[in-house]
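Quick note on labels: first sequence line is chain A, next is B, and so on, each numbered from 1. Below, all heavy atoms of this structure are taken into account, side chains as well, without hydrogens, waters or symmetry copies.
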Amino acid sequence: MLKLKSITPLGADEARVDRFTGLTITEVTERALVSLTARNDQADAIRDKARGLLGIDLPDIGDSAMGNTHSAFWIGPESWMIDIPYSGNEYLARQVKQAMGDSASVVEQTDGWCRFDLEGATMTSVLERLCNADSANLAEGAVTRTQIHHLGCFLWRQKDGFAVIGPRSSAASLHHALLQVAQSVC
Amino acid sequence: MTQKNRVNGGLIDRSSRVNFQFDGKTYQGHKGDTLASALLANDVRLMGRSFKYHRPRGVMTAGSEEPNALMKLRTGARQEPNSRATVTELFDGLEARSQNRFPSLKFDFMGINDRFSNFLTAGFYYKTFMWPRAFWEKLYEPVIRKAAGLGSISFEDDPDSYDKGFLHCDLLVVGSGPAGLMAALTGGRAGARVILAEEDFITGGRLNAETHAVGGMSGSDWARSVMAELESLENVRILTRTTVIGAFDHGIYGAVERVSDHLLVPESGKPRQTLWRIYSKRAVLAAGATERPIAFENNDRPGVMMAGAVRAYVNRWAVTPHQQVAVFTNNDDGHRTAADLIAKGVDVTGVIDVRPDAPSLVGIEVFAGAHVVNSKGLLGLKSVQIRLANGEIRDLTCGALGVSGGWNPNVHLTCHQRGRPVWNDTIAAFVPGGEMPVGLTVAGAANGHLSTAQALQTGADAAVRALKGLGVSAAAPDLPEAEDAPISLTPFWYVKEGKGRAWIDQQNDVTVKDIKLAHQENFRSVEHLKRYTTLGMATDQGKTSNMGGLAVMAELTGKSIPETGTTIFRPPYTPVAMGALAGRSIGKDFHPTRETPSHKWAVEQGAEFVEAGNWLRAQWFPQPGETHWRQSVDREVLQTRKSVGICDVTTLGKIDVQGADAAEFLNKIYANGFAKLPVGKVRYGLMLREDGIAYDDGTAARLAEDHFVVTTTTANAVLVYRNMEFARQCLWPDLDVQLISTTEAWAQYAVAGPNARKLLQKVVDPEFDLSNDAFPFMACGEITVCGGLQARLFRISFSGELAYEIAVPTRYGDAMIRALMEAGEEFDAVPYGTEALGVMRIEKGHAAGNELNGTTTALKLGLGRMVSKKKDCIGNVLSEREGLNATGALRLVGLRPVDSKDVIPAGAHLMNADGSVSAKTDLGYVTSAAYSPILGCSIALAFLKGGGDRMGDVLRVINPLEGQEVRAEVVSAHFVDPEGERLRA
Amino acid sequence: MIINHPLLGPRDAQEFTYLGDASLIHRPDWQGEDASGQFHDYLYLRDNPAGQHRELWFHEVGDRSWLVVTRNTLTHEISNVELARDVARREGRGK
C-alpha cells in the first residue's frame, strides 16, 4: 500500500524558521485544530464536556484557555477552536465529536490553517505594520481575528510572543508579508 | 565660507558640512538645514518658475505651505517632482533641480507667456480652446500640458518600498509647538497612551523660530527639556517627520511618516515612508498657524517672503535671505522680524506698516500708514516702491521683503468632516468651529491663541479636558513664563494702487485681476471662484492664498468675509506620495495568492497557471512537443474521456453545515429540496437570490443526519457563506444549525473517466467497496486511503464521466496527487486543468459562471422544475413573477456549427437565418464556447428565445464587432452522453 | 468608522461587509396573502434616509456575527449596535 507523506503549508518537509535581530518567526506545524460550536442551548453542556475531555474551561469572548498541552480559543458566539498537539492524530475531530455527542458541532480544521509564531523585542513593531490589532495591549492569552495582507487571521497572544494563524492556501503570501515587514523593522 | 548669508546662532550643526547640488552647481550647507535655508545661505533667491506665466520665483515660506520653491529631487527612478525645498531636509549628495523652465532657470523660453498675460487670464483656456472640438485632444491639450504644469516624473518604477501601519492611543497630539508639547506632557504625566506627531524633523514648532524666552530659557531649549521628559515616558510615542494628513470618522487619523526621505537612499529593507492609521480616543490639534501675505504689484519677485519665514530662517537656520531686508506689515508681528534681523546684524532698510499708529522701533525707520506699491528686480528683488502716509513715493533698497498680513489658524483637520470654521474679529481670521471631528479639541495658534503663553495654557487645558472625557484625571503642569503679547492688527489684504498684477496665489498664478474677472463673469461663490481661477488648487491647496482671494471677493460683492465663506478643506493636509497610499500592495503583492494542495507538483509538471480569484489553478499541463495550448487541452479531454484524468478541485468552496436543523436549513437555502436526501448521498443544489435569479450552484453531501458538506463555486465561496450566515442569524435565528468554512482543510481531486474506479481502488483501503452497487452515482462517504488516512469520497461528475471526488487533509494533498498519478500510470492517466474542465462541462451542458450571469433564472437554465413549490426557500416566491416566466423567453440551448470547420465565437448574438440583423431581431447570445475534441468541432452554450422550441433550426451567430458570422444548428446542450449512462457506469 | 461590536468592542469598519437596511430581517411569509407583492416590497422598497438608519453589517474579518447598527448617515454617528440574531428573535423571527 502507498504511504503518504505530509508537507508543511510552505510546501516543505520541515517547518521553517526565520531569524532577524530582535525577531524570530517560527512556522508551527505540529498543532491540530478542531472547531467546536454549541448546538442551540447547549453551551453549558459543552463547557462541562470540554472540561472533562480537555481539562480546560472554554474561554470567554476574545480569550483563550491554555492548559499544559491542550488549549482552546474563542472564535465566535459559543464557538471555539481546540488546539492540541498534532502528533499524527488524524482523528482528533472524531474523538471530540464522540465526547460532545449532540451537544456540539465539531469540524476538523487542522489543515485549514497555517501558523507562524513571532517572538522577540520587535514583535509588536512588526505587528503594528501588519494589522490593526492593538497587539501591544493584548493580554496573555487574548485572541483576536484581524486582517494581515488582506487575509483573515487569528492573532493569539502567547506567553512570550504571538501566534499568527492564517489560511493555509495563502501561507506563502502570509509568510512573505511577515518577512517583508520584519526586514523593514529589524 | 561661501555661505554668504549665514549669520550667527541657529539650530544647525556648523561642524558638519553637507554637499548638495542645485541645477548642477555644488553648494554647501549644514546638518539641520533645509534645502531652502541652505540655498538662501548661499545667496540663491531664484528657485523656480511659475506655473502659467513662468515668472521667476523664490522661496516664500519656511514650511509645508510653500507655493513657489518646488523642485525635482534626486535623479533616475527616484526623481520626485514638486518637492517643497522648505521641508526638504538637507542631506549629503542631494541633487535638486528647478522646474518649469527651459533651457535654464535664469533664461526661460516660456517666460514669453508673461508678455501675453493679458490674454492668459482666468478662464482663458475654457474660452479659447472651445472649438473645433476635435482639436482638443490632439492639439490643444498636449500643447497646453507641455507649457503648463510643474515638475516631471521619471516614468520608471519606484525602487523604494512603503509600509502601512496601525497605531492606537488615548491621546493624539498633532503638532509639537508650545501647545502640542504641553498637551503631550499633560497626557504623558497622567499615564495616558500619547502619540505626538510632528511634521518637522525637530520638535518645538515656532519655538525654534522665535527668540522669546520660555521659562527663563530659549524657546528651543525649553522644547528640548520637555522632549527629554516625554522621551523618558514609555506611554508616549513621538513621531517626527510625520504629517497628520486627515481626520476621519470616530477618532481615526491618517499620518505619513517620512522614514527615509532625509537619506539619499533608504537603508536596505527599510521603507521610504510609512502611512499610519491612528486610532485615537481623543485628539488635540495643535497645528499652529500660517502667515498670510499682503498682495501688491509685482509682489512675487524672488526675495519677497513671509515675515515669519524670514524670522525662522534667521533664528533657526542662521540665514538671512539677503544682506538688506525690509518688512511690510499690518500687525506687530512684522516688527518682531525686523528686531530679530537687527539682532543678527542684518541691515533692515525699513518697516512699512499700513497702520497709521504703528509703534516705533529702535534703530529702524518705521513708515507708519505706508504701503508697498511696487517692486523692482527681474530675477531677484532689488528695491520696493513705497507710498508714504503723506502721499510721497519713495524707493527703498532691499533684497528681501518680509511680509506679514496676520496669521491664519491651521484649521484644516477640523474641517475634514463637517466642521466649517467661524470668523474671529480679533485676529481677523477663521478659527475652528461648527461640528468638529468626534473627540478632537484644538489648542494654541490653531485655535486662534497666538501668544506663546496662551498656546502653553490652552495646550495643557485641552489635554486635561480630553483625558477627563476618558475618565483619566490629569493635572496641568506648571506653566512656564512666556510672552503674551496682545493682538494688534489692522486687516489689510491687498494694495489697490497700480495697474500691474498683484499676486494672490503664486502657485497657480492667480492675481487680484483674475478674481475681479471671476466676479465680473459671475463666478462669485467661493467654490466657483476656486474652479474658475484655480485659486487654492495644486500642492499647497491655497494655504497662503485662500484668505486673500476670499477677502478680495468679499470686497467685490460687498459682503463680509464670513458671509463669503471658505472652500471645504479636504484630506490630505499636504501632498501624499501614491506609493505611500499603495503601501506594499503593489505588483505581485497586490493581493495574496492562494495555492492549491497540488501546486508544488503542478509546478514540477510545467503546468500553465491561471488566476481564479486569488487562487492559482493549473490551466493545462503541456507535454513535450505540444506547441499550442489546444493540443494540450484536447489531449487532456480525450484521454480523460477515454481512460481517466485527474484535476485539483480544492478551490470549490466547502462549507460544513451541522445541527439538528441542518437539513431544514438547506431546504431554505437551496431552491430544490434536501430534507429527504439520505445519509451517504450527494445532491446537486441551485441557490437563488431572493429576487429569483440563480447565483450559485454546487452540491450538498449528507455525511450524517445532522451533518452536510456544501460546495460552492470557486468565485462565490465567500458570498455564499455570508448569505448562509445571514439566513441563519437574521432570518431563521432559532434553527439549530452551525456553519464553518472548510475549503482549505481538504485537498480535493476529481478522478474522472471510464477507469476512474479502477484507479481509485488502488488507493482506497480495501475494506471500502467502490462497486457501482455499493457506491453508486451520487454516493458519498467517509473512507480511508493509502493505509488508514482519513478521507472523503463523493461520486459526483462535472465532466459527465464515471467520476469521483476524493478529499484528504490538505497536508497530504501533495502526496495524494502523486499517489493518484502513480496509481494511474497503468491507465495512462492524465492530469487536466481548468481549460479541459471547462471544455468537458460545456460538452455536458453544465452551467457555470458564464451562464450564472445575474440575469439567469432556474427556468432559463432549463432547471425550472428544480424550484420547489412545496417549501419556503430563498427566491422561490419572486421566481414566479410573470416576467421571469414569459413564454418565448431566453432558454439554455446548445449550438453546433453547420460547417464543422466554423468556430462559434463566445459572446456572439443569435439571429434568424434570414432577415435583418438588429437589436430588434436579436434572439439571444452565446455564453460559453469551446472546441470539442470528442465531436471534432466547435460547440457552444447559448441563451435563445424560445429555447427548446427551436431545436434543429439553423441560426446565424453574429459578432458585428469583428465581422464574424457563422451558421449554427440549435441542439441539446448535452452534447456528450445525454442519457447519462457513462456517469452511472 | 469604528463599530462598537456588542461582543468584541470597538472594531474598524474595514473588518465588516455592509448589506443595507435592517428591514431585510423582516422577510415576508411565503404563504401569506399577496406574498408576491410582499416580497416585492421587501426586496425593492427600502428607505434610504439622510439621518438615523438601522442597517446590517457582517463582521467578515471577525467573529462572523451579523450586526444591526443604528447609524446617522449624515454624521456617521453610531448610536446603537446589537447582534442581528438577538434583534431578529425579538422582532419575531424563529424557525
Participant: So what's closer than 4.5 Å to chain A heavy atoms on B:Ser260: side chain, backbone, both or neither?
Facilitator: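 When you check distances to chain A, no heavy atom of B:Ser260 falls under 4.5 Å.
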Participant: To the nearest 0.5 Å, how far apart are CD1 in B:Ile817 and CG in A:Leu4?
Facilitator: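 Here the rounded value is 12.0 Å.
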Participant: Which one wins on heavy-atom pair count under 4.5 Å against chain B: A:Val185, A:Val106, A:Ile75, A:Asp102?
Facilitator: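 Highest number of heavy-atom pairs under 4.5 Å: A:Val106.
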Participant: A:Ala171 versus chain B, heavy atoms under 4.5 Å apart: side chain, backbone, both or neither?
Facilitator: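 A:Ala171 has no heavy atom closer than 4.5 Å to chain B.
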Participant: For the atom pair OG (A:Ser35) and CG (B:Asp656), what is the distance rounded to the nearest 0.5 Å?
Facilitator: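 Going from the OG atom of A:Ser35 to the CG atom of B:Asp656 covers 7.0 Å.
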Participant: So for B:Ala662, is it side chain, backbone, both, or neither that comes closer than 4.5 Å to the heavy atoms of chain A?
Facilitator: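 Contact with chain A: none, neither part.
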Participant: If you take all heavy atoms of B:Ser585 and A:His150, which pair is closest and at what distance?
Facilitator: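 It is OG-NE2, 3.3 Å.
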Participant: Between chain A and each of B:Ala747, B:Gly269, B:Ser161, B:Gly788, count heavy-atom pairs under 4.5 Å; write down the option with the most.
Facilitator: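 Option with the greatest count: B:Gly269.
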Participant: Do the side chains of A:Glu128 and B:Arg237 get close enough for a salt bridge, i.e. N-O under 4.0 angstrom?
Facilitator: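 Salt bridge flag = yes for B:Arg237 with A:Glu128.
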Participant: Against chain A, label B:Leu616 side chain, backbone, both or neither, depending on which of its atoms sit under 4.5 Å from a heavy atom there.
Facilitator: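 Neither the backbone nor the side chain of B:Leu616 comes within 4.5 Å of chain A.
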Participant: Does any heavy atom of chain B fall under 4.5 Å from the side chain of A:Ser79, the backbone, both, or neither of them?
Facilitator: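 Neither part, no heavy atoms under 4.5 Å.
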Participant: Between A:Ser170 and B:Pro592 (side chain of the first, backbone of the second, donor and acceptor by atom type, cut-off under 3.5 Å), is there such a pair?
Facilitator: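 No; zero donor-acceptor contacts below 3.5 Å.
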Participant: Check whether A:Asp41 gets within reach of chain B through its side chain, its backbone, both or neither, counting any heavy atom under 4.5 Å.
Facilitator: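 Neither part, no heavy atoms under 4.5 Å.
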Participant: OG1 of B:Thr593 to CG of A:Leu174: how many Å apart, nearest 0.5 Å?
Facilitator: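 Interatomic distance, B:Thr593 OG1 to A:Leu174 CG, rounded to 0.5 Å: 12.0 Å.
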Participant: Indicate the atoms forming the closest heavy-atom contact of A:Cys131 with B:Phe166, along with that distance.
Facilitator: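 Minimum heavy-atom separation between A:Cys131 and B:Phe166: O-CD1, 3.0 Å.
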Participant: Hey, is CG on A:Asp48 packed in by over 12 heavy atoms from elsewhere, all under 6.0 Å?
Facilitator: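 Check passes, neighbour count above 12.
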Participant: In terms of side-chain heavy atoms, does B:Asp589 have a donor or acceptor partner in A:His176 at a distance below 3.5 Å?
Facilitator: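 On atom types as modelled, these side chains qualify, holding a pair under 3.5 Å.
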Participant: Using modelled atom types and a 3.5 Å cut-off, is there a donor and acceptor pairing between side-chain atoms of B:Lys600 and backbone atoms of A:Ala12?
Facilitator: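 Not confirmed, B:Lys600 side chain does not pair with A:Ala12 backbone.
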Participant: If you count heavy atoms of other groups shown closer than 6.0 angstrom to CD of B:Glu267, is the number above 12?
Facilitator: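 No.
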Participant: With distance as the sole test, does B:Asp736 use its side chain to make a donor-acceptor pair with the main-chain N or O of A:Asn40 at under 3.5 Å?
Facilitator: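 Confirmed, B:Asp736 side chain pairs with A:Asn40 backbone.
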Participant: Considering all heavy atoms of both residues, which atom of B:Arg584 and which atom of A:Ser184 are nearest to each other, and what is their separation?
Facilitator: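 Closest approach of B:Arg584 to A:Ser184: NH2-CB, 3.6 Å.
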Participant: Any idea which heavy atoms bring B:Gln738 and A:Thr37 closest together, and the distance?
Facilitator: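 For B:Gln738 and A:Thr37, the tightest heavy-atom pair comes out as CG-CG2, 3.4 Å.
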Participant: Against chain B, label A:Leu130 side chain, backbone, both or neither, depending on which of its atoms sit under 4.5 Å from a heavy atom there.
Facilitator: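 Just the backbone, heavy atoms under 4.5 Å.
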Participant: Determine yes or no for a side-chain-to-main-chain donor-acceptor pair under 3.5 angstrom, with B:Glu744 supplying the side chain and A:Ser169 the backbone.
Facilitator: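 Judged by distance alone, yes, a pair lies under 3.5 Å.
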Participant: How close do A:Tyr91 and B:Leu789 get, counting heavy atoms only, and between which atoms?
Facilitator: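 So the two residues come closest at OH-C, 3.9 Å.
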Participant: Atom CD of residue position B:Glu604 - does it have more than 12 heavy atoms of other residues, nucleotides or ligands inside 6.0 Å?
Facilitator: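 Above 12, so yes.
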Participant: Does A:Glu14 have more than 12 heavy atoms from other residues, nucleotides or ligands lying within 6.0 Å of its CD?
Facilitator: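 Counting other residues, nucleotides and ligands, CD of A:Glu14 stays at 12 neighbours or fewer.
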Participant: Between A:Pro9, A:Pro167, A:Ser135, which residue shows the highest count of heavy-atom pairs closer than 4.5 Å to chain B?
Facilitator: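 Counting heavy-atom pairs under 4.5 Å, the top option is A:Pro167.
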Participant: Which value, rounded to the nearest 0.5 Å, describes the distance between B:His591 atom NE2 and A:Leu151 atom CG?
Facilitator: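 The distance works out to 11.0 Å.
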Participant: Between A:Arg31 and B:Arg811, which heavy-atom pair has the shortest distance, and what is it?
Facilitator: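 Heavy atoms only, the tightest pair is O-NH2, 4.3 Å.
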Participant: Would you say the side chain of A:Arg39 lies within less than 4.5 Å of the side chain of B:Asp706, judging by non-hydrogen atoms?
Facilitator: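 In contact.
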Participant: Please answer whether the main-chain N or O of B:Ser741 pairs with a side-chain N or O of A:Gln109 as donor and acceptor at a distance below 3.5 Å.
Facilitator: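 Looks like yes, one N/O pair under 3.5 Å.
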Participant: With a 4.5 angstrom heavy-atom cut-off, could you sort out which part of B:Tyr162 is near chain A: side chain, backbone, both or neither?
Facilitator: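 Contact with chain A is absent: no heavy atom of B:Tyr162 under 4.5 Å.
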Participant: Decide yes or no for A:Asp111 and B:Trp746: does some side-chain heavy atom of the first lie under 4.5 Å from some side-chain heavy atom of the second?
Facilitator: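 Side-chain contact under 4.5 Å: no.
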Participant: Within a radius of less than 6.0 Å around CZ of A:Arg19, do more than 12 heavy atoms belonging to other residues, nucleotides or ligands occur?
Facilitator: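 Open.
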Participant: Could you tell me which of A:Ala133, A:Ala172, A:Ala177 has the largest number of non-hydrogen atom pairs under 4.5 Å with chain B?
Facilitator: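 Among A:Ala133, A:Ala172, A:Ala177, the one with the most close pairs to chain B is A:Ala133.
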Participant: Would you mind checking if A:Lys5 and B:Asp814 are paired as a salt bridge, meaning a charged N to carboxylate O distance below 4.0 Å?
Facilitator: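 A salt bridge is absent here (no side-chain N lies under 4.0 Å from a carboxylate O).
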Participant: Using heavy-atom distances under 4.5 Å, tell me whether A:Ala38 contacts chain B through its side chain, its backbone, both, or neither.
Facilitator: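 Backbone of A:Ala38 only, per the 4.5 Å heavy-atom cut-off to chain B.
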Participant: Just give me the residue among B:Asn614, B:Thr596, B:Leu735, B:Thr650 that pairs up with chain A most often, heavy atom to heavy atom, under 4.5 Å.
Facilitator: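 Counting heavy-atom pairs under 4.5 Å, the top option is B:Leu735.
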Participant: Inspect the contact between B:Arg193 and A:Asp134 and indicate whether a charged nitrogen and a carboxylate oxygen are less than 4.0 angstrom apart.
Facilitator: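 Salt bridge flag = yes for B:Arg193 with A:Asp134.
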Participant: Rounded to the nearest 0.5 Å, what's the gap from OG1 on B:Thr810 to CD on A:Glu108? Could you check?
Facilitator: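 Here the rounded value is 9.5 Å.
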Participant: Most heavy-atom pairs under 4.5 angstrom with chain B, which of A:Ser105, A:Ser173, A:Ala136?
Facilitator: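 The candidate making the most pairs under 4.5 Å is A:Ser105.
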Participant: Look up atom CZ in A:Arg168 and atom CD in B:Glu595, then write down how far apart they are to the nearest 0.5 Å.
Facilitator: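 Between A:Arg168 CZ and B:Glu595 CD, I get 11.0 Å after rounding to 0.5 Å.
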